Amino acid sequence: MKRSPTVFEQSVYDLVSKIPTGKVVTYAAMARALDCGSAQAIGQALKRNPFAPEVPCHRVIKTDLTIGGYAGKTDGAKLKKKFSLLSGEGVEFDREGGLLDPLTVHDFK
DNA sequence: CGCAGATGGCTAG
DNA sequence: CTAGCCATCTGCG
């Protein structure tokens with residue numbers, strides 16, 4: 001199923017791909033950077049992620065600075081993996097999925 | 001604090 | 001064009 005990534009999706013992947021290692025972004029931040037105002041669309045684009053491992057969707061968290069979900073789920077063993085990945089990049093989360101350092105959130109502004 | 005509704009854009013038919 | 005989807009967000013009880 002070849003999906004033709006829309007300009008909107010490409011922008012999302014481009015932003016995610018621009019996230020420096022050891023930092024994360026919130027859906028709202030990307031939506032704001034894209035000037036679309038919808039984090040839902042971002043979530044879908046990331047879930048569809050045609051650019052899979054090239055676009056680290058695990059660096060995208062909710063606006064509440066929480067992990068939110070991953071791989072299309074809000075919980076699961078994948079989340080645990082996410083903790084390890086982010087932790088290895090310098091991003092530490094609480095066992096509840098909350099970001100310990102708010103400075104870890106990248107800013108597209 | 002918890003749930004339901006509204007939101008904005010994507011995919012499929 | 002219409003209907004359903006989603007990893008959300010906001011408001012209300």
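What you are looking at is a predicted structure, and each value in this text was computed from that prediction instead of being measured. The chains referred to below are lettered A, B, ... by the order of the sequence lines, with proteins before strands, and numbering in each begins at 1.
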Are the side chains of [X] and [Y] in touch, meaning some heavy atoms are under 4.5 Å apart?
X	Y	value
A/Leu99	A/Val105	yes
A/Val25	A/Val16	no
A/Leu85	A/Lys81	yes

Polar atom pairs (N or O), protein with nucleotides 1-4 of chain C, under 3.5 Å:
none

task: Working to the nearest 0.5 Å, report the span between CD1 of A/Ile61 and CZ of A/Arg59.
output: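 Rounded to the nearest 0.5 Å, the CD1-CZ separation comes to 12.5 Å.
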ask   = What distance separates A/Glu92 CD from A/Thr104 OG1, expressed to the nearest 0.5 Å?
value =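 Reported to 0.5 Å precision, the distance equals 8.0 Å.
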Could you state the [atom1]-[atom2] distance from [X] to [N], rounded to the nearest angstrom?
X	N	atom1	atom2	answer
A/Tyr70	C/dC6	OH	C1'	17 Å
A/Leu46	C/dA7	CG	P	12 Å
A/Tyr13	B/dC10	OH	P	10 Å
A/Leu34	B/dC10	CG	P	10 Å
A/Gln10	B/dG9	CD	P	17 Å
A/Lys47	C/dC5	NZ	P	10 Å
A/Met30	C/dA7	CE	C1'	12 Å

What protein N or O atoms touch nucleotides 5-7 of chain B N or O atoms at under 3.5 angstrom, if any, and at what distances?
from	atom 1	to	atom 2	distance (Å)
B/dT7	O2	A/Gln40	NE2	2.6

Subject >> Set of ring pair (Phe, Tyr, Trp, His ring centres under 6.0 Å) partners for A/His58, sequence neighbours left out >> reply: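 Here no residue qualifies.
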Which nucleotide in the set [options] lies at the smallest distance from any side-chain heavy atom of [X]?
X	options	result
A/Ala41	C/dA7, B/dG9, B/dT11	B/dG9
A/Phe8	C/dA7, B/dC10, C/dT8	B/dC10
A/Ala39	C/dT8, B/dG9, C/dA7	C/dT8
A/Glu9	C/dA7, B/dT11, B/dG9	B/dT11

_Expected output is a numbered-order residue list: members of residues 71-96 of chain A with a heavy atom under 4.0 Å from any atom of DNA chain C. What is it?_
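By residue number: A/Gly72, A/Thr74.
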Per-residue pairing states of DNA chain C in dot-bracket (Watson-Crick or G-U under 3.5 Å; . unpaired, | other strand) read ||||||.||||||
Q. Is there any ring-ring contact (aromatic ring centres under 6.0 Å, His included) pair reaching into residues 4-47 of chain A, and which pairs are they, with sequence neighbours excluded?
A.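 Those involving residues 4-47 of chain A are A/Tyr13-A/Phe51.
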Return each pair, listed once, that meets ring-ring contact (aromatic ring centres under 6.0 Å, His included) where at least one residue sits in residues 61-109 of chain A; pairs must be two or more places apart or across chains.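 The answer is A/His106-A/Phe108.
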Counterpart residues, salt bridge (charged side-chain N to carboxylate O under 4.0 Å, His left out), relative to A/Asp101 (two or more places apart):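 Listed in chain order: nothing, the list is empty.
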Taking salt bridge (charged side-chain N to carboxylate O under 4.0 Å, His left out) as the definition, give me every residue that meets it alongside A/Glu9, ordered by chain and number, with sequence neighbours left out.
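Per chain and number, A/Glu9 pairs via salt bridge (charged side-chain N to carboxylate O under 4.0 Å, His left out) with no residue.
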With a cut-off of 3.5 Å and sequence neighbours excluded, list every side-chain donor-acceptor pair involving residues 30-47 of chain A.
none

message: Tell me if a side-chain donor or acceptor on A/Asn49 pairs with a main-chain N or O of A/Ala52 at a distance below 3.5 Å.
response: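 Yes, the answer is positive, given that a donor and an acceptor are paired below the 3.5 Å cut-off.
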Original post:
Which ILVMFWY residues can you reach from A/Leu100 by hopping between side chains whose heavy atoms are under 4.5 Å apart?
Top reply: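 Its cluster mates, by chain and number: none.
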message = For A/Thr66, give me all partners under side chain to side chain contact (heavy atoms under 4.5 Å, CB included), at least two apart in sequence or on another chain.
response =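 Residues passing side chain to side chain contact (heavy atoms under 4.5 Å, CB included) with A/Thr66: A/Lys62, A/Asp64.
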### Query
With a non-hydrogen cut-off below 4.0 angstrom, is A/Tyr27 in contact with a base, only sugar-phosphate, or nothing?
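Contact class for A/Tyr27: base.
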